[in-house]
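Quick notes on the structure that follows.
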Amino acid sequence: MYYVGIDIAKRSHVACVMREDNTLAIHPFTFTSTKAGFKKFVIHLQSLGCSLDDIIIGMEATGLLFENLYRYLKDLKYLVVLLNPYQTSKFREMDTMKRVKNDNIDSIMIAALIKSGRFSQGYVSEEQLHSLRVLYRHRASLEDQLKSIKRQVTTLLAVVFPELETIVSDCFSVTGLALLEKYPTAKHYDYASVDRILKTFRGIKGNNFSHKKAQMLLDLARESIYSGSAKDERALSIRSNIALIRLLSQQMQEIEAQMIKLFQEKQASSEEQASSEEQDEMAHLIDNLRTIPGVSDKTILALLAECGNLDRFHNAKALTGYLGLYPTLEQSGANTKHGRLAKRGARLAKKAIYMAAIASIRHNDELVQVYRNYRSKGRAPKECLVIVARKLLAIIYAIYIHNTPYDPARVFRAAR
């Protein structure tokens with residue numbers, strides 16, 4: 001048996017081959033991240049003169065850099081194992097007893113870890129779920145940008161019209177953005193009137209900006225503490241950010257629509273196309289997950305995008321561990337200390353299930369009861385929310401496995 005370790009990088013990779021007796025059959029060598037480089041790597045493997053079943057290849061799941069090589073080797077029917085970089089880092093420290101790191105050593109350590117069998121294999125989702133993950137992560141990136149821009153606008157408003165928040169509770173609503181675009185600072189109300197302010201909201205459905213409210217706004221603007229310094233420049237900055245907010249919001253909506261569309265499409269591969277029965281089963285599964293009070297499409301999208309098919313987990317506890325939805329634990333002798341939530345895990349999915357837990361204690365009678373039971377025992381509010389999140393995750397897992405609608409009577413047995 002031969003064990004191949006590959007250290008992944010952007011432009012080139014380093015690989016080595018280890019025998020059963022821990023000696024190197026092929027010492028570390030470099031090959032480029034190109035088709036020619038991949039062929040060079042395969043030629044080295046073929047020089048071993050063994051069958052594909054006698055070769056196990058290991059590589060770290062480093063961002064997305066591993067993907068092209070991984071799929072190239074899988075297409076050639078090689079057995080490829082993805083490793084969490086955290087595993088290889090700890091294995092290297094344990095083996096060398098020192099913090100020594102370079103590409104050659106990393107490739108050897110990966111091969112040694114594969115040979116030891118003491119690893120947890122990573123996962124690459126199938127094509128439809130992989131597409132969903134790409135879209136979801138891009139949407140999360142846009143959301144981070146949107147939050148950053150909103151913070152900039154909020155900071156500017158604290159100077160150019162700090163009194164605005166007493167009238168407009170949400171400056172980033174449709175009404176708020178329309179108002180800011182026309183009157184970005186308090187000084188821009190100098191030539192405004194109540195009628196002109198109200199005219200701003202014509203055509204906006206559902207707005208409740210009254211004559212009285214417009215008069216209060218006008219009075220506040222004229223008495224504002226803003227000096228008018230850099231009025232036009234700050235107005236340009238606010239209007240520019242408003243344009244970005246609208247653009248990012250539109251792109252996020254388009255991405256969400258595309259993600260939901262993936263649920264409706266047939267799941268296909270290069271070899272065969274999924275049957276209508278499989279498509280109907282997937283649609284039925286999504287509909288069943290939607291029956292959980294407090295769980296939105298965004299929560300379902302996050303879990304499927306970041307975790308793939310949930311039935312690959314042995315139980316709900318394994319899924320909870322994958323998300324990192326557990327507190328850290330330090331135990332020494334008779335002392336036991338529970339810390340914060342683990343930093344490892346699927347960050348975006350963890351965040352989504354936590355936000356769903358917050359929604360659940362407002363809309364889900366059974367999970368409200370779980371929350372209250374633990375609060376009555378003296379648990380902190382955030383700790384109770386984490387408990388609800390774990391319970392909710394167990395419910396989602398049970399519904400996914402059995403493909404049945406939400407049943408309130410089974411909530412307290414969902415973990416089983």
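Predicted model only: the values in this text are computed from it and were never measured.
For the pair Lys377 and Tyr374, the cation-pi criterion (under 6.0 Å, within 45° of the ring axis) is fulfilled. A cation-pi geometry, defined here as NZ or CZ lying under 6.0 Å from the six-membered ring centre and within 45° of its normal, holds between Lys213 and Phe209. Taking the ring axis of Tyr322 as reference, the NZ or CZ atom of Arg312 stays within 45° of it and closer than 6.0 Å to the ring centre.
Between the side chains of Gln369 and Asp365, no donor N or O sits under 3.5 Å from an acceptor N or O. Donor-acceptor pairing under 3.5 Å is lacking for the side chains of Ser173 and Thr175.
Shortest non-hydrogen contact noted between Cys171 and Leu180 is O-CD1, 3.9 Å. What you find for Ser224 and Glu163 is that their closest heavy atoms are OG-OE1, 2.9 Å. The shortest heavy-atom contact between Lys298 and Tyr136 is O-CE1, 4.3 Å.
Salt bridge Asp287/Arg290: present, at least one basic N to carboxylate O contact under 4.0 Å. Using a 4.0 Å cut-off between charged side-chain N and carboxylate O, Glu306 and Lys350 make no salt bridge.
The local environment of CD in Glu67 is crowded, with over 12 non-hydrogen atoms from other residues, nucleotides or ligands closer than 6.0 Å.
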field: His138 and Ser141: CA distance, side-chain angles, deciding distance, side-chain hydrogen bond (donor to acceptor under 3.5 Å, both in side chains) verdict
entry: CA-CA 5 Å; His138 182 52; Ser141 174; 5.2 Å; no
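Using the six-membered ring where Trp is involved, Tyr72 and Phe38 have ring planes that are tilted, between 30° and 60° apart. Using the six-membered ring where Trp is involved, Phe31 and Phe29 have ring planes that are tilted, between 30° and 60° apart.
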